[in-house]
Amino acid sequence: MATIDHHDDGAGFTELVDIHAGILRKVATTYCRDAEDRADLAQEIMAQLWQAWPRYDATRPFSTWMYRVALNVAISHVRGVYRGARHFIPLDDGHGQVADETVDHESNERLAMLDQLIAGLDGLNRALLLLYLDERSHREIADILGISESNVGTRIGRLKQRLRDQLA
């Protein structure tokens with residue numbers, strides 16, 4: 001883990017954000033369909049990361065802290081943009097696409113249905129699924145989302161069953 005001087009000129013912050021830029025892209029892509037919306041969300045996440053930077057605890061993993069800030073901003077952003085109307089945001093068209101053109105029509109339909117189901121999840125469950133698919137441990141997911149490890153396991157189990165039932 002990098003040693004961080006919170007009193008530096010921001011170089012440490014910039015370096016860590018560059019190293020973990022994938023987190024920013026994943027969160028923005030998961031929560032926004034349109035490229036302009038993704039760019040707006042990414043910019044808001046960066047602004048909030050910078051604002052929260054002085055409170056970052058360098059004894060904890062930067063990626064965990066970054067995920068937590070990014071997901072909180074994304075959930076708040078979605079609530080703010082779509083307040084008053086229940087509007088589901090589908091995942092970016094690039095999610096779930098298979099490079100092999102020989103994949104049958106049924107598989108494509110199932111992938112489209114899965115994308116739609118994920119888009120219909122509330123912010124917490126979408127964040128939970130994103131972290132689970134990113135192969136984060138239950139402990140790390142709990143730290144990022146601010147819930148207990150047992151709650152993570154229970155919610156993941158329920159999400160899996162819900163997705164299986166709806167895809168059946």
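This chain uses plain numbering: 1 for the first residue, then up along the sequence.
Residues L121 and L128 have side chains not in contact (no heavy-atom distance under 4.5 Å, counting atoms from C-beta outward). Contact of the Y31 side chain with the D37 side chain is not registered, since no non-hydrogen atoms from C-beta on lie closer than 4.5 Å. Side-chain contact between W53 and L16 is present, with at least one heavy-atom pair separated by less than 4.5 Å. Proximity of N151 to L145: side-chain heavy atoms (C-beta onward) are nowhere separated by under 4.5 Å. Two residues are said to be in side-chain contact when any heavy atoms from C-beta on lie closer than 4.5 Å; S76 and E44 fail this criterion.
Between atom CD of residue E135 and atom CD of residue E140 there is a gap of 11.5 Å, rounded to the nearest 0.5 Å. Here the CZ-CG distance, from R68 to L49, works out to 13.5 Å after rounding to the nearest 0.5 Å. Going from atom CD1 of I156 over to atom CD of Q161 covers 14.5 Å, rounded to the nearest 0.5 Å. With rounding to the nearest 0.5 Å, the separation of OG in S63 from CG in D143 is 10.5 Å.
For F62 and H20, the distance between ring centers is under 6.0 angstrom.
Side-chain atoms of R126 come within 3.5 Å of backbone N or O of T30 as a donor-acceptor pair. Side-chain atoms of D134 do not come within 3.5 Å of backbone N or O of R136 as any donor-acceptor pair. At distances below 3.5 Å, not a single donor-acceptor pair connects side-chain atoms of R139 with backbone N or O atoms of E149. Between the Y56 side chain and the M66 main chain, no donor and acceptor come within less than 3.5 Å of each other. In terms of modelled atom types and a separation under 3.5 Å, the side chain of Y67 and the main chain of I141 share no donor-acceptor contact.
Nearest heavy-atom pair across S148 and A142 is C-CB, 3.8 Å. When all heavy atoms of C32 and L41 are compared, the closest pair comes out as SG-CD2, 3.7 Å.
Considering only residues two or more places apart in sequence or on other chains, R158 meets the side-chain contact (heavy atoms from CB on, under 4.5 Å) condition with T154.
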Test side-chain contact (heavy atoms from CB on, under 4.5 Å) on N72 and Q48; report intermediate values, then the result.
CA-CA 10 Å; N72 284 335; Q48 292 300 319; over 6 Å; no
Please determine whether side-chain contact (heavy atoms from CB on, under 4.5 Å) holds for the pair N125 and L129, giving the CA-CA distance in whole Å, both sets of side-chain angles, and the decisive distance to 0.1 Å.
CA-CA 6 Å; N125 281 324; L129 189 57; over 6 Å; no
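Each of L131, L130, L133 was compared with K26 under the side-chain contact (heavy atoms from CB on, under 4.5 Å) criterion, and only L130 meets it.
Annotation: Q166, atom CD; neighbour count of heavy atoms from other residues, nucleotides and ligands within 6.0 Å is above 12. By the 6.0 Å contact criterion, CD on E36 is open, its count of non-hydrogen atoms from other residues, nucleotides or ligands being 12 or less.
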